[in-house]
Amino acid sequence: MPQPPRARRQVTGFQALALLLSLVLVAGVGGLLTAGLLLPSVAAASTATEVTVTAFDDLPGELQETALPEKSTIRAADGTVLATFYSQNRVVVSLDQISPSLRDAVVAVEDRRFYEHNGVDPTGMGRALLRNLAGSGGQEGASTLTQQYVKNVLVEQALEQDTPEARAAALAAAREDEGDAGYARKLREAKLALTLEERLSKDQILERYLNIAQFGVSVYGAESAAQFYFSKPAAELTYLEAATIAGVTKSPTALDPVRNPDASQVRRNTVLSLMHRQGRITDEEFATGTATPLVDTLRVSQPKLGCMSAGDVIAGSGYFCDYVVKVIRNDPAFGETQDERVSLLYRGGLDITTTLVPGEQTAADTEVKAGVPVDDPSGIASALVVVEPGTGRITAMAQNRTYNNETGQTERETSVNYSTSYTYGGSTGFPPGSTFKPFTLLEWLKKGRNLSEVVNGSVRPLNENMFTACGSRFPNRSWTPGNAEGGAGNMTVLNATKNSVNLAYLTMATQLDLCDIMAGAADLGVVKAGGSEDNTGEFDAYPSTVLGSDSTTPLSMAGAFAAFASGGVYCTPIAITQVLDAAGEALPVPDAGCRQALEPRIANAMNYTLSNVWTGTASGVDRPSYTAAGKTGTTSENEHTWFVGFNPLRSAAVWVGYADNWQPMQGVRVNGRVVRNMYGSTIAAPTWVRFMDQAMAGLSVPPFAAPENDQVVGRRVSVPSVVGRSVGAATSALEAAGFRVRVASERVSSTLPDGAVAQQSARTSTTGATITLTLSNGQPPAPTTPPADPAPPAPDAGQGGGDGGGGQGEGQPGTEG
């Protein structure tokens with residue numbers, strides 16, 4: 001049975017002082033082993049302290065080192081640093097990546113006998129103890145570099161405690177300088193230092209110290225200090241720069257070269273003096289160095305901390321940066337819990353390469369703000385997001401707002417990302433309007449229907465019981481929707497799409513199952529944006545949803561339309577391509593999961609159909625010179641407008657509307673002009689074209705694959721013969737074969753029974769075509785009288801009269817015919 005751990009004895013201040021004195025006497029002899037043998041006898045000589053070997057043994061003897069917190073970096077696709085994240089601004093490097101000058105400077109100012117002692121310096125400690133006992137004010141440290149490293153490790157361990165209370169207590173214990181507790185801390189550090197020196201070489205300890213030490217208010221480790229103060233790696237530091245950095249550790253805040261350059265210069269010159277006295281720099285170097293103003297040597301590079309700074313690097317990229325952070329926070333690929341994932345970002349030293357293309361991001365930011373300026377009096381918002389077909393990579397994400405995730409935001413500043421869902425940016429999405437119609441078209445084509453079929457686009461009373469959802473009819477309830485962008489009468493599905501005719505699409509929806517339409521959209525990533533329990537999952541299978549009444553995100557729409565562009569391959573939009581940990585090892589990243597979601601023939605038909613938008617609802621927009629397809633979208637009262645367009649290289653969604661309320665964009669002044677009614681072609685589509693013109697410049701954009709006749713005009717198949725059957729039986733047979741049925745209002749005479757099918761309009765037709773049935777009236781047709789025999793010719797009528805008679809005879813048949 002396991003034994004419970006032995007309770008540790010609390011070493012008193014008097015015991016700690018006695019043990020420290022003993023260490024002073026024996027530490028130089030042979031390290032921890034000798035100290036451990038001699039301490040009992042030395043302590044026993046003092047009956048006042050009653051120190052025993054147990055008291056010394058009960059102190060921790062092994063330093064538990066953990067990986068140091070390091071800063072993480074988020075990069076654009078080309079390696080440009082967008083932002084850094086850290087609890088401590090640190091980059092861990094090996095000793096050979098730190099200049100000899102900095103090593104010399106640190107040893108000179110912190111522990112000149114570093115390479116001589118065994119972790120505890122008897123000379124320095126003895127002098128410090130005598131001064132402290134004499135009551136000279138405060139306690140003098142005399143800590144070696146090894147002891148300072150131990151203290152820093154203990155501080156780091158304190159910072160990793162789970163609760164604020166535990167952190168505060170551990171930090172107090174690690175930093176205590178006064179009284180008995182101060183002596184106890186020194187004793188603990190001394191023992192750990194002695195142990196550490198038996199396990200590690202001097203250079204290994206120096207390397208660890210140079211990586212853990214604080215060199216400014218928010219700068220940790222030699223590499224970050226070199227990059228921050230002098231914009232160069234630690235390996236390239238000069239002796240003067242090294243002296244500046246080495247002098248900071250005594251008081252990282254008071255001696256910070258940027259915040260307090262005068263105090264830092266005095267300290268730097270002290271370091272130079274020590275280096276000179278110890279023979280580490282020449283007379284000339286000392287004279288030159290001390291005469292050089294510190295501010296003249298600084299080349300400060302402020303780290304791009306957090307997403308607030310990303311826009312200073314690449315215009316408008318703060319929202320994309322924020323999206324990346326939330327991917328790391330939310331995705332199990334980066335840890336089991338959210339706390340673990342956040343800690344990994346701020347302490348794990350990650351190097352994160354993203355999908356952001358700087359040129360495209362700059363163009364997106366420029367054009368979305370050209371459509372509706374940030375300070376436009378209308379207050380209308382706009383967002384543009386771009387996805388690469390076939391990979392799912394998000395190459396740009398912009399909106400006409402300034403990214404700000406701090407309190408005190410101005411009216412046009414926000415951290416809410418309009419392009420993404422609630423989980424990844426705080427937006428609850430926007431109704432896509434008519435840009436959702438392609439998902440009804442998609443289901444239409446999946447069911448074998450074609451673009452040449454004719455549907456009724458006229459505004460007329462409908463009944464909800466005309467629609468089916470998951471196999472069930474809706475209740476008997478009248479509904480009269482309108483056409484937002486015109487259209488009337490019968491029209492082909494192709495024309496209904498390019499002109500975005502609501503009633504035509506509702507007519508199509510009556511011939512499909514609404515659940516199938518919503519499932520097809522969800523299979524391509526188009527779902528509700530989140531933010532509440534009823535705003536998650538697939539779109540609701542209601543008739544109005546066919547017209548885009550539920551809310552989704554621009555990113556979802558761009559990702560779905562990218563599946564059309566790529567021949568049916570759907571990829572979940574991704575923002576990260578590679579993550580390396582602090583050791584340079586690749587970590588798993590969220591996968592796009594690219595899959596063949598649509599048959600290529602279906603995708604080709606979608607592309608062909610949506611390519612006609614430039615002669616339909618976007619006819620007033622400059623048509624691109626390259627391959628391009630898309631769909632405009634406008635909600636019922638012009639509250640939200642969209643354009644989602646694509647080609648084989650890029651898919652982009654543009655949304656325009658009020659972000660915080662359901663407000664019609666009617667009679668508004670936007671960007672200097674009055675807009676009577678806002679449509680998808682008003683601002684969204686022109687913004688898309690301007691962006692794509694720049695993104696496609698100099699590229700060879702391939703054409704879409706040609707559609708097949710089966711999807712365009714339908715596949716000609718045999719129509720079952722239903723003549724002689726009842727209307728019900730005939731209808732069932734034709735519908736089972738994929739045809740629609742119309743019954744003519746007029747009946748015809750027939751030998752067939754009354755009400756039976758007497759005629760059908762076709763024996764071959766295209767799949768999904770309408771077959772007209774004409775029924776029998778039950779009355780046989782009237783008999784026909786055979787023509788009379790011609791009269792024999794009259795005698796002697798061969799001349800003249802014969803010609804006349806012949807003329808009349810030929811004339812009569814001609815007249816009847």
Side-chain angles (χ1 to χ4, degrees), residues 73-84 302 304-325 352-376 381-389 391-405 412-420 425 554-555 558 562 573-577 622 624-626 628 643-647 649-656 671 683-699 701:
T73 301
I74 292 181
R75 304 178 184 274
D78 66 349
T80 301
V81 175
L82 286 179
T84 54
Q302 291 285 353
K304 302 299 181 182
L305 178 59
C307 293
M308 287 282 288
S309 64
D312 297 334
V313 182
I314 301 175
S317 61
Y319 293 100
F320 176 84
C321 173
D322 184 81
Y323 179 73
V324 172
V325 170
I352 304 160
T353 302
T354 71
T355 58
L356 191 75
V357 177
E360 292 187 33
Q361 174 61 34
T362 300
D365 183 72
T366 299
E367 298 310 331
V368 78
K369 291 172 180 175
V372 184
V374 175
D375 59 355
D376 194 82
S382 183
L384 188 162
V385 63
V386 188
V387 173
E388 181 179 47
T391 69
R393 294 180 177 181
I394 304 168
T395 61
M397 182 181 285
Q399 63 191 52
N400 68 337
R401 294 292 186 264
T402 299
Y403 178 79
N404 187 343
N405 62 3
R412 304 300 164 83
E413 293 179 337
T414 183
S415 63
V416 176
N417 190 336
Y418 302 148
S419 291
T420 65
L555 180 58
I574 57 170
I576 300 172
T577 55
D622 291 339
S625 59
Y626 40 83
F643 187 81
V644 187
F646 60 94
N647 64 29
L649 301 185
R650 292 291 184 270
S651 175
V654 181
W655 162 82
V656 178
N671 203 5
I683 290 176
T687 297
W688 186 93
V689 172
R690 293 193 308 272
F691 163 76
M692 287 291 284
D693 283 349
Q694 296 176 61
M696 297 298 104
L699 300 180
V701 184

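Side chains included, hydrogens not; waters and symmetry mates left out as well; all remaining heavy atoms used.
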Name all residues meeting the ring-ring contact (aromatic ring centres under 6.0 Å, His included) criterion together with Y403; count only those two or more places apart in sequence or in a different chain, and write none if there are none. Y319
Which heavy atom of [X] sits nearest a heavy atom of [Y], and at what distance?
X    : Y    : value
V387 : A562 : CG1-CB, 4.3 Å
V368 : A398 : CG1-CB, 4.0 Å
G306 : A83  : O-CB, 3.2 Å
V324 : A575 : CG2-CB, 3.9 Å
P358 : L356 : CD-O, 3.4 Å

Could you tell me the separation between the [atom1] atom of [X] and the [atom2] atom of [Y], rounded to the nearest 0.5 Å?
X    : Y    : atom1 : atom2 : answer
I574 : R393 : CD1   : CZ    : 6.0 Å
L82  : C307 : CG    : SG    : 8.0 Å
M696 : E360 : CE    : CD    : 6.0 Å
I314 : C321 : CD1   : SG    : 10.5 Å
T577 : R75  : OG1   : CZ    : 11.5 Å
T354 : Y323 : OG1   : OH    : 12.0 Å

Is there a side-chain contact between [X] and [Y] in this structure, where contact means two heavy atoms from C-beta onward sitting under 4.5 Å apart?
X    : Y    : answer
F691 : V386 : yes
T687 : F643 : no
E388 : T355 : no
V313 : V81  : no

Relative to the ring of Y626, is the ring of W688 parallel (under 30°), tilted (30 to 60°) or perpendicular (over 60°)?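 Because their plane-to-plane angle lies in the 30° to 60° range, the rings of W688 and Y626 count as tilted.
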Got a sec, which pairs hit salt bridge (Lys or Arg N to Asp or Glu O under 4.0 Å) with one end in residues 311-321, sequence neighbours left out? none
Got a donor-acceptor contact below 3.5 angstrom from the [X] side chain to the [Y] backbone?
X    : Y    : answer
Q399 : V416 : yes
Q361 : A315 : yes
T395 : V357 : no
N400 : S382 : yes
S651 : A558 : yes
R401 : T414 : no

With I576 as partner, the option from T353, I74, I352 fulfilling side-chain contact (heavy atoms from CB on, under 4.5 Å) is I352
Can you confirm whether the side chains of T402 and N404 place a donor and an acceptor under 3.5 Å from each other?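 T402 vs N404: no donor-acceptor pair found between side chains.
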With N671, which residues qualify under side chain to side chain contact (heavy atoms under 4.5 Å, CB included), at least two apart?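 So N671 forms a side chain to side chain contact (heavy atoms under 4.5 Å, CB included) with P373, D376.
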For D78, does the CG atom sit with more than 12 other heavy atoms under 6.0 Å from it, leaving out its own atoms? yes
Chi angles and distances behind the side chain to side chain contact (heavy atoms under 4.5 Å, CB included) call for V654, E367: CA-CA 11 Å; V654 181; E367 298 310 331; over 6 Å; no
